[in-house]
Protein chains: 2
Amino acid sequence: MSDPTPKKPSRIQMRNRRLILDSALDVFSRDGYGGATLDAIANGAGLSKPNLLYYFDGKNEIYVTLLSQLLETWLDPLIELNPDGDPVEELLGYVRLKLDMALELPAESRLFAGEMLQGAPRMAEHLKDELKPLFDQKCKAIQDWIDAGRLAPIDPAHLIFSIWSTTQHYADFGVQVAFLLDNADPAKGAQQHLEQMFRKLLQPIQQ
Amino acid sequence: MSDPTPKKPSRIQMRNRRLILDSALDVFSRDGYGGATLDAIANGAGLSKPNLLYYFDGKNEIYVTLLSQLLETWLDPLIELNPDGDPVEELLGYVRLKLDMALELPAESRLFAGEMLQGAPRMAEHLKDELKPLFDQKCKAIQDWIDAGRLAPIDPAHLIFSIWSTTQHYADFGVQVAFLLDNADPAKGAQQHLEQMFRKLLQPIQQ
DNA sequence: TCGTTGCTTTACCAAATGGTAAAAATTTAG
DNA sequence: CTAAATTTTTACCATTTGGTAAAGCAACGA
């Protein structure tokens, strides 16, 4: 009575909305928001365009739905960062997780990157509500570790930026990386390099 | 006689091609290739659309011209990397230069990032001819430094990826960075953080 | 079995977009 | 000053694109 959409989705709805979002991820991440077309998305989902528009109100709604669903997955590893664990190992674990995500879900990473590149015009709200509080909270946790002498003194915010950028690079610039590495698998080298780099950065001076 | 376009461009040509490319940089970097329109570019340049098409053969030619001109500027700092200089200082200098470029030319950085995100469909040739040889050459130079014990043992290719990703992050994800830093200027913090990180990574063990 | 609801298709449409033809205006060279 | 060359405008056009209306079809509860 109070809920504007009380009906639970049917099996067909579940299936088709999933098909559409899967196809949309392909198309949006490959062609960008502006380059993506409803025809391409409908085609990839195996539906007609009007049929697609039966499930979503328009291009923008598909895109926003996709991004906000993805944001959860994306922020999950950061949420897992445990203030009660060992600082260096917690952060190195986070690096490892983010790298794995970049390597296994490159389309998702590129979708976010594309939105950010354009100034996040369609995501600003979500970022404010979900990303910012989490970011501030984790910065504070890292600062506490530093204050306790359990971590080298670093700027928490820029540390997080460095983790994000270095790991996501393997997804967002994946074509370039593959090309420059002569199509060798980047996974192992990346893992070792990032582990080495962040371990050196984070390790507090032993006394 | 052999040159297919021997005529040197008039002053008007120089001016208008420059106006168009400047506007195109704005539009392409903001809206992506697919989202950019000739009308928007023409508008930004203060020309009519047909007038714009008098100077360039089409949307694609504007885009490719822009990117290939930019590639030079972009690779310049890497070219400057001097194998005869001090390894750590040379590489830290490169980091500084790349960061300065990201902060001062964010639109250029985003334009490249957008092209890479989409798999560099319109830049593959240029990358093969200009980027790859330079990259291989500099990787070898870094490896020589390592072999001479003047640099910590790191994977040169992944080192370069880390430098690119961390510095360009401040341009490509500039909106996110500004938002998460509460619109504080990221320049100084970024500079200090990256210097600290790469110095620790690169410094060979003293004996 | 019948009617209601939910899903899909067919047939469209208006606006936007990349691009062209050719006339008009302007600049430049002699 | 004039004629040729260059530059700009006006008037178009075909295609693509996001989106709609409404009819047809399928599923399901009573």
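Fair warning: this is a prediction, and the values are worked out from it, not measured in the lab. Chain A is the first sequence line, chain B the second, and so forth, proteins listed ahead of strands; every chain is numbered from 1. Side chains included, hydrogens not; waters and symmetry mates left out as well; all remaining heavy atoms used.
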So, B:F135 versus B:F161, ring centres under 6.0 angstrom or not?
yes
Here's a test for you: under side chain to side chain contact (heavy atoms under 4.5 Å, CB included), which of B:N51, B:T65, B:L25, B:L52 qualifies with B:I20?
B:L52
Donor-acceptor pair, A:Q203 side chain versus A:F198 backbone, under 3.5 Å?
no
Spacing of A:Y63 atom OH relative to D:dG18 atom P, expressed in whole Å
14 Å
B:Q13 or A:G35: which one's nearest nucleotide on DNA chain D is closer to the 5' end?
B:Q13
Euclidean distance, atom CG of residue A:N60 to atom P of D:dT17 [Å, nearest integer]:
18 Å
For the helix from C:dT1-D:dA30 to C:dG30-D:dC1, measure the angle between the helix axis at one end and the axis at the other, each built from five pairs, rounding to 10°.
10°
Near DNA chain C, counting only heavy atoms under 4.0 Å, which residues of residues 41-57 of chain B show up?
B:K49, B:P50, B:L53
A:R15 atom CZ is separated from D:dA26 atom C1', nearest whole Å, by 13 Å
Whole angstrom is fine here: how far is it from CG in B:L38 over to P in C:dG19?
6 Å
State, yes or no, whether a side-chain contact exists between B:F28 and B:L67 at a heavy-atom distance under 4.5 Å.
no
Using a cut-off of 6.0 Å, state whether more than 12 heavy atoms not belonging to B:K140 lie near its atom NZ.
no
Protein-nucleotide distance (B:K59, atom NZ; C:dT20, atom P), rounded to Å
15 Å
Do any N or O atoms from the side chain of A:K59 and from the backbone of A:A36 form a donor-acceptor pair under 3.5 angstrom?
yes
B:K200 side chain to A:L201 main-chain N or O, any donor-acceptor pair under 3.5 Å?
yes
Whole-Å distance, A:E61 CD to D:dT20 P, equals 12 Å
Any chance the rings of B:H193 and B:Y170 have centres within less than 6.0 Å?
no
Tell me the interatomic distance from A:Y33, atom OH, to D:dG18, atom P, rounded to whole angstroms.
8 Å
Need one value for A:A36: base, sugar-phosphate or nothing, where a base atom within 4.0 Å counts as base even if backbone is also close, heavy atoms only.
sugar-phosphate
Report, as a single string ordered 5' to 3', how protein heavy atoms within less than 4.0 Å touch nucleotides 25-30 of chain C: B base, S sugar-phosphate only, - not at all.
------
Taking the side chain as everything from C-beta on, heavy atoms only, tell me whether B:P133 gets closer than 4.5 Å to B:Q137.
no
Check this for me: A:E89, atom CD, are more than 12 non-hydrogen atoms of other residues, nucleotides or ligands nearer than 6.0 Å?
yes
Side chains of A:Y54 and A:L47, heavy atoms from C-beta outward: is any pair under 4.5 Å?
no
